[in-house]
Amino acid sequence: MKSLSEIIDRILILLCVLLAGGSLSFGQEDISGTAPSDSILPAKTKLYTIQIAASRDFIEPRYFNDKLGIQEDIRYFQKDGWFKYIIGSYKTNKEATAVLSTLAFPAFVTWYSDIEVSPRQVPGLADSSDMEGDSAIVRVDSPALAVPDSIRKEQYMARIREADSAFYSARDLVLARSLYYEAVLLDPVKNYPKDQILEIDRQISETNPTPLIKRLPVAIYAILFFVVLMILVLSFVLSLRTRRRRIDRKRQQLKDEYQDSITEFLFTETDTVPDSLLKQDTPVKKQILIDEIMQLYTNLAGEIAEKLRKLYLDAGLDNESVRKARSPQWHIRAKGFRELAEMNVQTVTDEIEKCLNCPNEILRMEAQLAMIRLNTQDPFIFLDKLKQPFTSWEQLHVYEIIQRYQIATPDFSRWLDSPNESIIIFSVRMIRAFRQESAFPKLSPLLQHSSYEIREETYITLGELGNPEALDLLKDRFRHEGETGKIEILKAIGKIPDDSNIEFLKGVLEPRSDLSLEAAEALVQIDSFGMKGIDNMLSSSDEDMQAIARHILDNKIHR
Amino acid sequence: MGFFDALELLFQVIILGTSIVLLTSYTILGVVSAFAISKYLRMNSFVDYNAILSCPFAPSISILAPAYNEGANIIQNVRALLSLYYSDFQVIIINDGSKDDTLEKMIREYELEKVNYVFDYKIQTKEVRGIYKSKIKSFSRLMVIDKFNGGKADSLNAGINLASGKLFVAIDVDCIIESDALLKLVKPYLEKKDKKIIATGGVIRVVNDCVIEGGQVARINLPRKFLPRVQVLEYTRAFLMGRMAWAKLDGLLLISGALGLFDRQIAIASGGYLSSTVGEDMEIVIRMRRYMVETGQPYTVAYIPDPLCWTEVPETRKVLGRQRNRWTRGLIDSLNIHKTIFFNKKYGSFGMLGYPYWFFFEWFVHILEFTALIYFGFVVLFGQANWLFFGMTFALVYSFAVSLSIWAILFEELSYHKYESPKDVLSLVLTAFLEPLVYHPMVLGWAIRGNIDYLLGKHSWGEMARKGFTKGQP
């Protein structure tokens, strides 16, 4: 089961991801500019219609009913300074065209896809802004051709009566609004219809208010978001501190209790584990106890260590470690492996073996180290099976385990021909560390290896092993290497002082190069060259040689 | 639309676009860092660094510390360096022609004597006057180079020439290095599989007002003054959020000059530090990266989100201004010298992401912001300002900036929680609210000044006055 802090960590990371996504969201629509009546509108559709007339000033549509002999209702819309009058509403162009062909007066088919505001006023047509197609239709662009004022006044009064009826009796606010609007168009001077429109808008807002959420700009939401985020994070930080202090105090208290109990148990005659250590009811308590036991166990030996192990087993803590070793979470599994290896519990070696090649480097390393501890017959068999790179980090832990627990070292030359180059490197290093001189015959072929790293380790190892048979091999390799490789070879040769090296090293010493100093260091190790050779260098006319000689002679440098 | 209208619209689009991309990139970097640090902390719980101490094949390290007029603290600094936990390392102090008693103090304290060392000028430097070693065996790791003054880059190159380690650490001698810093820095080298690690960096913390005992930080205090305290926030954001993410994306261009571990061979092959720039720490990382790409060697630059080094930050506007001026000039230098990398696919994420990011959001953004401020001044002057829009935008960016800082405080809390007192956390939070209003305009001003000085050909470091570590409120 996850600890509380792990759960909080995960929530926090999820929060970070969500907040990152949230902060990228700018996707709210700007709806601050829509009219109140939009909120009760149906969805958009594309409809065809027939335009019959156009005028600059508004004309009561019934005028065209009379003038053109049309029975059906005429609707209108405004575009580019014109009022345009239309009849019919058809789903297809074909339908509209069929009707058009039956008309006795000029007209043309057009379409609209905007929301229908009212039965009478249509917001705008798609393509009727140019008048080329409808030059034959009725166009009233001169006030002189418009309806006379007296008739206009009658039309105005009729419109007001209809609007009042729609507003007060029928309570059809949409129809009433469009009728009042027509009244305004017929007589723009009058205030009554304008006031009525405002009142209708107010009433519509009250019944269908635009939500506040649609009115505030995006930036405000973002600001609120960040402010809330700040408050949440701060609260979390402060509560985390309090919680952490409380947990640390509790842990320390438990640790102290367990330490006292364990010490008392270890240094009494009895083998019976006290109840205070037997019964741990929570995973946290079990873990603290395991940690205490393990810390002591690594520093103890003999009977006391065995007694401590007995405590671990009798308290059922091995079951806890096994449970961890079988966990799907890698960090818990790794901990389980470590505990079982430390306490020498063989129960789940099969689980451990499965992880020897797993991609998770920590889990893999813990499995390797656990196998070395638990597999007493062939602790290093994992090197036969390892396919993943065996990094220096893993290698040094293996070396450290070998040293700490005095594990019997195999003949590491066994892996000098491994297909895994990192295992070869490890083996060469171990041959050097444990001075396995018998490995020399198998080391020599590595001088020809394609990997420079392997060759470099081999040079160093041959130098450390000090086998004079290596000298000719090293000198042969010299001319094939770059500067770095040459320096390693010279260092190795310097560790195997022999008269046969003198001529070779003199050849490197002069003329002066980046290798001269290394060659001189190697030469001075050879007794027969020794001080006489240095004196010759000092008396040389070559200033560089003199400088090198003084360097070699200066004991303070090599202190 | 007229030409000037179009130009104005374009300018507005650039500003808006840059702002959106900048805020988005900060958010992305923050998220990437969160995951990277969480993973690092989990994996680190299994690490036993002490195993490196007994490892016979751990790489040798040379610590290079240039010293110029460091007489006040040199003895304790050297002692602290010699006490670092590592098996095979040497300490090389490079006395860069100090005018005070830096060298004399070291000679006296460590019983140094001149040795006949053959000094190889692999990388050209100012002439070396002498090399010193201690008569005392327990100081056998210590070497001192005395040379003619040539600047920090030149001193580091001299140190590289003398160093015998496979790796070298470049440090500021007046920084306090955590005792296990070398162990942590070297770990990526030991973990490497198929890619060569050419450089590693870590987190640099602010040491102002901390209590120092025996060359180590004994008690961590938040700086009392505003300027160093706001730099705590800055460093936390930069190191825990920015660099961690860039390392994960393999686009890290900068290892702090205060502490960085480098592959010595690669540094030499790249030509060493460039003496002609004041941003040598950034320039060498870029150059080493380029070298690896151009020679076809797989590599990476590693980063440890562990506090490894403590440094004293400037406490006065004058000194801080000089520092930021120098950083700006160094940045421009590095970007200019390596402009071939810009959006160059050959250099991978370093060329396609890292370099462009630094170009646009660490250099260009200051110029854009300054220009935008001037533009806004004219807008106000001509009565064209939409104050509602301005107010909302300002509030949006301000709240984002503050929440980013608080996020950084949370990262610090979840990772290393070095500031234990709740009062310190609240103080940092308050600083976060003040930073955009008080500190940021100063930073902008220094950056613009740095640009101007660069154009005028100014190359100096400027005097960095330090007060030393001895005092601190326990």
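None of the values given here were measured: they were computed from a predicted structure. Proteins come first, then strands; the chains are lettered A, B, ... in the order of their sequence lines, and each starts at number 1.
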>> Classify the ring geometry of A/F412 against A/F426: parallel below 30°, tilted from 30° to 60°, perpendicular beyond 60°.
In response: perpendicular
> Checking heavy atoms, do the side chain of A/E366, its backbone, both or neither come under 4.5 Å from chain B?
Replying inline: side chain
> Would you say the side chain of B/T200 lies within less than 4.5 Å of the side chain of B/L167, judging by non-hydrogen atoms?
Replying inline: no
> Any side-chain heavy atom of A/R512 within less than 4.5 Å of one from A/I548?
Replying inline: yes
>> For B/V115, which atoms come within 4.5 Å of any heavy atom of chain A: side chain, backbone, both, or neither?
In response: both
>> Suppose we screen for salt bridge (charged side-chain N to carboxylate O under 4.0 Å, His left out). Which residues come up paired with B/K122, at least two apart in sequence or across chains?
In response: B/D120
> By a 4.5 Å heavy-atom criterion (distance strictly below it), what part of A/R550 contacts chain B: side chain, backbone, both, or neither?
Replying inline: both
>> Is A/E421 close to chain B through its backbone or its side chain, or both, or neither, when contacts mean heavy atoms under 4.5 Å?
In response: neither
>> Report which part of A/E453 has an atom under 4.5 Å of a heavy atom belonging to chain B: side chain, backbone, both, or neither.
In response: side chain
> Can you check whether A/K491 reaches A/E518 side chain to side chain, under 4.5 Å on heavy atoms?
Replying inline: yes
>> Could you measure the distance from the CZ atom of A/R333 to the CG atom of A/L363? Nearest 0.5 Å is fine.
In response: 6.0 Å
> Side chain, backbone, both or neither: which part of A/T484 has a non-hydrogen atom closer than 4.5 Å to chain B?
Replying inline: side chain
> Where on A/L396 is there a heavy atom nearer than 4.5 Å to chain B: the side chain, the backbone, both, or neither?
Replying inline: both
>> At a 4.5 Å cut-off on heavy atoms, which part of A/E394 comes close to chain B: side chain, backbone, both, or neither?
In response: neither
> chain A heavy atoms under 4.5 Å from B/S421: which part of the residue, side chain, backbone, both or neither?
Replying inline: backbone
> With chain A, which of B/V425, B/I131, B/V397, B/L190 has the greatest number of heavy-atom pairs at distances under 4.5 Å?
Replying inline: B/L190
> With a 4.5 angstrom heavy-atom cut-off, which part of B/V429 approaches chain A: side chain, backbone, both or neither?
Replying inline: side chain
> Are side-chain N/O atoms of B/S405 and B/R237 paired as donor and acceptor at under 3.5 Å?
Replying inline: yes
> Relative to chain A, which segment of B/K166 carries a heavy atom at a distance below 4.5 Å: side chain, backbone, both, or neither?
Replying inline: side chain
> Around B/K193, counting heavy atoms of other residues, nucleotides and ligands shown, do more than 12 lie under 6.0 Å from its NZ?
Replying inline: yes
> Using non-hydrogen atoms only, which part of B/F139 is less than 4.5 Å away from chain A: side chain, backbone, both, or neither?
Replying inline: neither
>> Among residues at least two apart in sequence or on other chains, which ones pass side chain to side chain donor-acceptor pair (under 3.5 Å) with A/E488?
In response: none
> With respect to chain B, which residue among A/R432, A/Q388, A/R429, A/E400 yields the maximal number of heavy-atom pairs within a distance under 4.5 Å?
Replying inline: A/R429
